[in-house]
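Below you'll find the structure, written out as structure tokens, and then a few comments.
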Amino acid sequence: MEDGGSNKIWQKGDSCGATDSERYLSVLARRAFLNFWSYSNPYTNESGGRELCDFLVVFGNSVVIFSDKNCKFPSGGMEVAWPRWYRSAVEKSVNQLRGAASFIDRFPDRIYLDAECKQPLPIPIPPMEVRKVHLVAVTRGSADACKKYFGHGSSSSLVINTAIEGREHEKNPFMVGWPLKGRRFVHVLDELTLDVVLNELDSATDFIEYLEKKEAYLSSEGFSFFFTGEEDLLADYILNPMPNLMGFSFAPLPEDGSFERRGLVVGQEGRWIQLCASNEYKIHKKSLEISYEWDKLIEHQTTHISRNTAGVVAKWGSVTDIAAHEAVLRAMAEESRLSRKELAKAHQSILMRKFDGDRLSAIVSLPHRPDRAYVLMVLKRPDDMDYDLYREFRRNSLVGLCRASRLRLSGIKEIVGIASEQSDSSGVTQDFILMKFRDELDSDGKVREISDLRAAGIWKDEWVCA
């Protein structure tokens with residue numbers, strides 16, 4: 001494929017924050033959300049270009065707004081120092097988040113990548129009726145003072161105490177509840193827990209699901225919550241896995257009022273440290289290493305899109321090249337870390353396997369997403385075949401295999417296809433496709449489809465139509 005030059009939508013893509021603190025946030029967040037859906041220091045077109053927030057994520061129907069404040073903790077008595085730091089670090093961050101959320105609600109199409117407001121967001125803000133907005137305040141500068149204040153081996157992270165709201169924070173050092181009145185949820189992460197959360201939940205789905213479930217949990221009617229740090233709350237979440245790769249959840253709240261103080265949920269201090277020290281956790285983390293091969297696939301293709309060297313297998317309606325690319329890669333990025341582990345294992349398996357014939361393929365369907373299948377294909381290139389002709393033939397073969405997989409599995413509404421050479425080839429490229437099916441095929445339609453696929457050399461006699 002020819003290099004068409006850099007895609008304009010990514011001309012601001014190398015911006016990684018204006019300060020060291022913002023740059024660090026950008027590195028962590030981009031690793032979790034990947035480059036296609038994350039933007040450092042986006043702007044509005046107010047007053048000739050005004051910064052909207054420090055970091056923005058637009059992923060499917062979710063929008064995550066980050067504000068980052070690095071404020072030195074003042075000297076002097078705690079009754080003066082804490083309120084001053086809280087106002088500078090937390091309150092200012094919360095106000096920026098509230099303003100950014102309000103602007104997005106009112107003017108979702110007036111957000112840009114550059115201060116000159118010439119490059120709009122490549123991914124449009126989702127419509128109001130389906131949009132979910134999450135606010136994340138990143139605060140730095142309190143760790144040493146917090147550790148000294150609490151003593152006794154404190155982790156230095158801010159305490160979660162949902163019994164306090166608004167100005168009540170100024171009388172409760174190193175505690176965070178509801179910074180915004182009206183109980184609009186703001187996730188407050190400090191320099192310790194930013195690392196913990198984004199390193200543990202380092203996929204868009206894992207992180208956003210945690211925000212959603214945390215908001216619902218800590219907003220439970222009739223309960224107040226007290227956790228010695230975000231990391232211990234996260235440990236409670238991780239230690240309650242759901243079946244069939246469906247992620248994690250918080251344990252159900254008791255309904256019989258059997259607390260010592262009715263309605264108060266107190267987390268176990270040090271639970272995160274205990275979790276990280278366990279052999280089971282270390283084995284689990286080791287097992288996830290292969291999952292990052294899935295991230296590399298997505299980022300590799302994103303790089304080609306940014307350079308205008310990625311083609312689109314098929315276009316439909318008014319969908320642009322960027323929208324088509326984004327739809328395919330977002331489907332892949334929607335998978336959790338656990339799901340990526342299974343997909344990466346399957347993909348690596350067919351890349352490495354020696355086989356007779358010209359083609360090897362696999363269908364992967366995961367239990368948490370029964371209406372989606374992945375078709376993974378490796379196609380050998382004949383020595384005498386022109387590479388462009390090979391790529392065209394490979395794409396057509398991938399489309400055919402995706403069509404066949406729809407027939408072989410029941411209940412499939414969309415298929416993600418990925419095709420490449422074998423891993424030991426001199427050069428390895430990929431083709432990606434996303435096929436969505438609105439209507440079920442009737443019996444006659446299935447017969448015609450099988451006939452077409454058999455004529456194209458795709459359908460095998462031993463395959464059975466579901």
Side-chain angles (χ1 to χ4, degrees), residues 6-44 49-60 62-71 89-90 92-94 96-97 99-101 103-104 111-123 125 133-141 143 186-208 210-211 230 292 295-296 298-303 305-307 326 329-330 333 337:
S6 295
N7 195 312
K8 289 184 178 181
I9 69 163
W10 267 278
Q11 287 181 358
K12 186 68 166 51
D14 57 353
S15 172
C16 292
T19 67
D20 288 342
S21 179
E22 291 176 12
R23 282 188 283 273
Y24 184 69
L25 167 63
S26 177
V27 169
L28 277 181
R30 284 179 187 271
R31 188 171 64 193
F33 297 107
L34 306 180
N35 282 292
F36 213 132
W37 303 277
S38 50
Y39 316 102
S40 295
N41 309 102
Y43 288 83
T44 74
R50 178 179 297 178
E51 189 175 288
L52 175 72
C53 59
D54 295 314
F55 199 82
L56 181 68
V57 173
V58 181
F59 189 84
S62 296
V63 176
V64 186
I65 309 171
F66 289 84
S67 175
D68 184 284
K69 294 287 182 284
N70 188 356
C71 302
V90 180
K92 281 189 177 180
S93 186
V94 167
Q96 181 186 22
L97 291 168
F103 188 90
I104 288 173
I111 303 170
Y112 299 83
L113 299 177
D114 60 321
E116 293 77 24
C117 299
K118 294 180 179 179
Q119 300 298 330
L121 284 183
I123 308 301
I125 299 292
V133 178
H134 304 282
L135 310 180
V136 181
V138 178
T139 65
R140 307 175 198 268
V186 179
H187 303 265
V188 180
L189 303 177
D190 52 56
E191 51 256 68
L192 169 71
T193 55
L194 174 71
D195 282 54
V196 168
V197 174
L198 279 177
N199 280 316
E200 185 64 29
L201 306 172
D202 60 349
S203 78
T205 291
D206 287 318
F207 185 82
I208 291 170
Y210 174 69
L211 297 187
E230 182 86 27
Y292 295 95
D295 299 47
K296 290 177 184 178
I298 299 170
E299 289 291 73
H300 180 74
Q301 184 68 357
T302 299
T303 300
I305 298 167
S306 71
R307 295 173 179 170
E326 194 271 340
L329 295 185
R330 176 158 43 86
R337 183 58 56 202

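- Using the six-membered ring where Trp is involved, Phe33 and Phe207 have ring planes that are perpendicular, over 60° apart on the 30 and 60° scheme.
- Counting heavy atoms from C-beta outward, Leu329 and Trp37 have side chains that approach closer than 4.5 Å.
- Heavy atoms only, all atoms of each residue included: Leu34 and Arg31 are closest at CD2-O, 3.7 Å.
- Asp202 and Tyr292 share a side-chain donor-acceptor pair at under 3.5 Å.
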Verify side-chain contact (heavy atoms from CB on, under 4.5 Å) between Ile123 and Tyr39, making sure each step is shown before the conclusion. CA-CA 10 Å; Ile123 308 301; Tyr39 316 102; 3.1 Å; yes
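- In this structure Glu299 satisfies the salt bridge (Lys or Arg N to Asp or Glu O under 4.0 Å) test with no other residue, sequence neighbours excluded.
- With values rounded to the nearest 0.5 angstrom, Asn41 atom CG is found 4.5 Å from Glu51 atom CD.
- At least one side-chain heavy atom of Ile65 sits less than 4.5 Å from a side-chain heavy atom of Leu56.
- One distance of note links CG of Asp206 with CD of Glu200; it measures 9.0 Å at 0.5 Å rounding.
- Side-chain atoms of Glu230 and Thr193 include no donor-acceptor pair closer than 3.5 Å.
- Asp68 CG to Glu191 CD: the interatomic distance, rounded to the nearest 0.5 Å, is 10.0 Å.
- For Thr205 against Ala333, the heavy-atom pair with the smallest separation is OG1-O, 4.1 Å.
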Between Leu189 and Leu198, does a side-chain contact (heavy atoms from CB on, under 4.5 Å) hold up when you go through it step by step? CA-CA 10 Å; Leu189 303 177; Leu198 279 177; 5.8 Å; no
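- Separating the OG1 atom in Thr19 from the CZ atom in Arg140 is a distance of 8.0 Å, to the nearest 0.5 Å.
- For the atom pair OH of Tyr43 and CG of Leu113, the computed distance is 11.0 Å after rounding to the nearest 0.5 Å.
- Contact between Gly141 and Asn70 at its shortest, heavy atoms only, is N-OD1, 4.3 Å.
- Atom OG1 of Thr302 is separated from atom NE2 of His300 by 10.0 Å, given to the nearest 0.5 angstrom.
- A donor-acceptor pair is defined here as one N or O able to donate and one able to accept, closer than 3.5 Å; no such pair exists between the side chain of Asp54 and the backbone of Glu22.
- Taking 4.5 Å as the limit, some side-chain heavy atom of Val186 sits within range of a side-chain heavy atom of Leu97.
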Please test Val57 against Phe66 for side-chain contact (heavy atoms from CB on, under 4.5 Å), starting from the C-alpha separation and ending with a verdict. CA-CA 8 Å; Val57 173; Phe66 289 84; 4.1 Å; yes
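- In this structure, Cys117 and Gly49 approach most closely via the heavy-atom pair SG-CA, 4.0 Å.
- Using a 4.5 Å heavy-atom threshold, the side chains of Phe55 and Val138 count as separate.
- Residues Lys118 and Pro120 approach most closely at O-CD, 3.5 Å, considering heavy atoms.
- Here the closest non-hydrogen pair linking Arg30 and Ser40 is NH2-OG, 3.4 Å.
- Between Arg337 and Asp295, some side-chain heavy-atom pair lies under the 4.5 Å cut-off.
- Taking the side chain as every heavy atom from C-beta outward, His187 and Tyr210 never approach each other to under 4.5 Å.
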